[in-house]
Amino acid sequence: MIIVMKPNVSTQAIDNVVSIVEEYGLDTHLSRGKQVTIIGIVGDKSLLHDSNIQLLDGVDKIVQVTESYKLANKQFHVSPSIIPVGNTFIGGDQITIMAGPCAIESAEQVMETAIKIKAAGATILRGGAYKPRTSPYSFQGLEEEGLKYMAAAREATGLAIVCEVISKESIEIASKYVDMFQIGARNMQNFYLLKEVGKTQIPVLLKRGLASTIDEWLNAAEYIMSEGNPNVVLCERGIRTYETATRNTLDISAVPVLKSKTHLPVIIDPSHATGVRDYILPLSKAALAVGADGLMIEVHPNPAAAMSDGPQSLTPEDFHSLCDELRPYAKLSGRYL
Ligand code: PEP
Ligand code: MN
């Protein structure tokens with residue numbers, strides 16, 4: 001629920017509404033515009049049932065937000081958010097390119113990849129140190145040792161780094177190294193984990209669950225934001241459908257749908273969406289055309305020897321060509337890369 005105050009009302013009138021709402025046990029989030037102030041209400045709005053808030057001095061109207069997510073809701077925060085990550089940002093005019101190996105395998109692998117993706121135009125290095133693999137017998141990641149390799153690559157290149165976290169313990173360790181946490185598809189509705197990353201101020205890349213609706217995804221973002229961390233970026237990585245030609249089905253329509261519902265930036269991951277390296281370029285072009293704020297692409301110096309996701313990984317050289325090919329598409333969408 002959102003309370004829209006009348007234009008140019010006094011601070012006293014705003015404070016009065018806020019304190020009455022808070023007396024009912026609800027939280028408020030104030031957004032002061034040049035003329036109009038809006039007050040977002042977070043919590044169980046049924047508590048306000050008999051409050052007659054609309055009659056208070058200075059209140060223009062009450063807008064019922066039917067969606068249960070508020071902090072992620074565009075109605076409450078109309079201008080698109082720009083999320084700072086390390087020495088770069090996601091959103092605005094820039095198309096952010098995140099690239100790197102599925103799994104961190106060695107210091108050399110990470111360093112070589114970092115240097116080459118930076119030269120191609122990427123600003124964020126990705127790499128998995130904790131790998132929630134479908135099979136317990138698959139490589140599970142180098143954990144803290146891998147994070148150290150990532151940090152060394154950041155030191156050498158200035159790239160920001162993003163790594164997946166899977167538990168409270170991994171959050172504590174990764175927070176010493178990373179510029180951004182990733183919550184993987186398999187954990188999108190791990191509400192405990194979402195709350196834990198929400199207690200930090202480290203930006204979070206929240207991947208869409210394997211079979212999650214957009215509404216469930218935005219509620220997952222709300223879990224993070226309602227703990228006090230506003231720095232959330234959404235990543236569409238394909239959903240489960242009956243189609244088997246690709247690993248998942250890229251829901252390209254998710255981008256305009258999200259843009260109509262939320263102010264949070266949206267990234268497309270064509271690597272996990274398709275599982276096939278040949279489809280990454282066409283879907284990256286599509287992502288830019290529909291208004292995505294960036295791409296996450298898996299790159300490995302030697303995909304044939306990769307410990308995970310080799311078939312969908314680009315070589316650094318192919319990745320460089322991809323960035324070059326995408327630049328005019330970014331320009332066409334009024335962005336730069
Ligand atoms: C990843 O990005 O490394 C990953 C495991 O992706 P997802 O969670 O989307 O499957
Ligand atoms: Mn992967």
Side-chain angles (χ1 to χ4, degrees), residues 85 90 96-105 109-110 113 117 122 124-136 138-143 146-147 149-150 160-167 170 174 178 180-190 193-194 197 203-212 214 216-217 220-221 224 232-241 246-252 254 266-277 279-280 283-284 287 292 294-315 319:
V85 182
I90 303 177
T96 299
I97 308 287
M98 311 178 173
C102 181
I104 300 160
E105 296 167 11
Q109 172 231 26
V110 172
T113 310
I117 62 153
I124 301 181
L125 174 67
R126 64 144 286 143
Y130 301 91
K131 297 301 302 173
R133 305 298 298 281
T134 300
S135 162
S138 302
F139 176 57
Q140 304 285 312
L142 293 181
E143 303 189 345
L147 295 171
Y149 301 157
M150 290 287 276
I161 56 178
V162 56
C163 294
E164 179 164 357
V165 286
I166 55 167
S167 60
S170 63
V178 305
M180 184 176 218
F181 292 132
Q182 176 173 316
I183 298 291
R186 288 156 195 79
N187 275 316
M188 191 208 83
Q189 284 192 312
N190 182 338
L193 194 63
L194 299 176
V197 292
V204 180
L205 183 70
L206 178 64
K207 296 191 110 184
R208 183 178 187 175
L210 305 165
S212 296
I214 286 176
E216 288 163 341
W217 191 7
I224 300 169
V232 178
V233 176
L234 302 164
C235 178
E236 160 63 39
R237 46 75 75 205
I239 49 174
R240 278 279 163 87
T241 68
T246 46
R247 182 175 174 180
N248 293 290
T249 297
L250 178 62
D251 181 8
I252 198 79
V266 184
I267 298 283
I268 289 274
D269 170 354
S271 305
H272 291 91
T274 62
V276 182
R277 68 173 74 112
Y279 305 149
I280 292 173
L283 290 175
S284 299
L295 296 162
M296 170 177 264
I297 293 173
E298 285 189 338
V299 176
H300 192 287
N302 181 7
M307 293 176 87
S308 71
D309 287 350
Q312 68 194 34
S313 300
L314 297 181
T315 62
F319 174 71

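Counting convention: from 1, in listed order, for ligands and their atoms alike. The first residue in the sequence is number 1, and the count goes up from there.
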Ligand 1 N/O within reach of [X] N/O, cut-off under 3.5 Å:
{"X": "Arg237", "value": "yes"}
{"X": "Ala185", "value": "yes"}
{"X": "Asp269", "value": "no"}

TODO: Mark up the atoms of ligand 1 that fall under 4.0 Å of a heavy atom belonging to Arg186, in ascending order.
DONE: 7 (P), 8 (O), 10 (O)
TODO: Enumerate the atoms of ligand 1 whose separation from the nearest heavy atom of Gly184 is less than 4.0 angstrom.
DONE: 8 (O)
Open item on the list: Quick one: does any side-chain atom of Gln189 pair with a main-chain N or O of Asn187 as donor and acceptor, under 3.5 Å?
Closed with: no
- [ ] Keeping the roles fixed (side chain from Asn248, backbone from Leu210), state whether a donor-acceptor pair exists under 3.5 Å.
- [x] no
Task: Carboxylate-amine/guanidinium contact Glu298 Arg126, below 4.0 Å - done: yes
- [ ] Can you figure out which of Glu236, Glu164, Arg126 has its heavy atom closest to atom 2 (O) of ligand 1?
- [x] Arg126
- [ ] Kindly give the heavy-atom pair with the smallest separation between Lys131 and Ser308, and that separation in Å.
- [x] CE-OG, 4.3 Å
Task: Non-hydrogen atoms of Asp269 and Cys235 that approach each other most closely - done: CB-SG, 3.7 Å
Task: For atom 4 (C) of ligand 1, closest protein heavy-atom neighbour - done: His272 NE2, 3.5 Å
Task: Protein contact to atom 6 (O) of ligand 1 [nearest heavy atom, distance to 0.1 Å] - done: Lys207 NZ, 2.9 Å
Considering only N, O or S atoms, which atom of [X] is nearest to the Mn ion (ligand 2)?
{"X": "His272", "result": "NE2"}
{"X": "Asp309", "result": "OD2"}
{"X": "Glu298", "result": "OE2"}

Open item on the list: For Arg133, is the CZ atom crowded, meaning more than 12 foreign heavy atoms sit under 6.0 Å from it?
Closed with: yes
Open item on the list: Using a 6.0 Å cut-off, check whether atom OH of Tyr279 has over 12 heavy atoms from anything other than its own residue.
Closed with: no
Task: Any Lys131 heavy atom less than 4.0 Å to ligand 1 - done: yes
- [ ] Let me see the working for Asp309 and His300 under side chain to side chain donor-acceptor pair (under 3.5 Å), right down to the final yes or no.
- [x] CA-CA 9 Å; Asp309 287 350; His300 192 287; over 6 Å; no
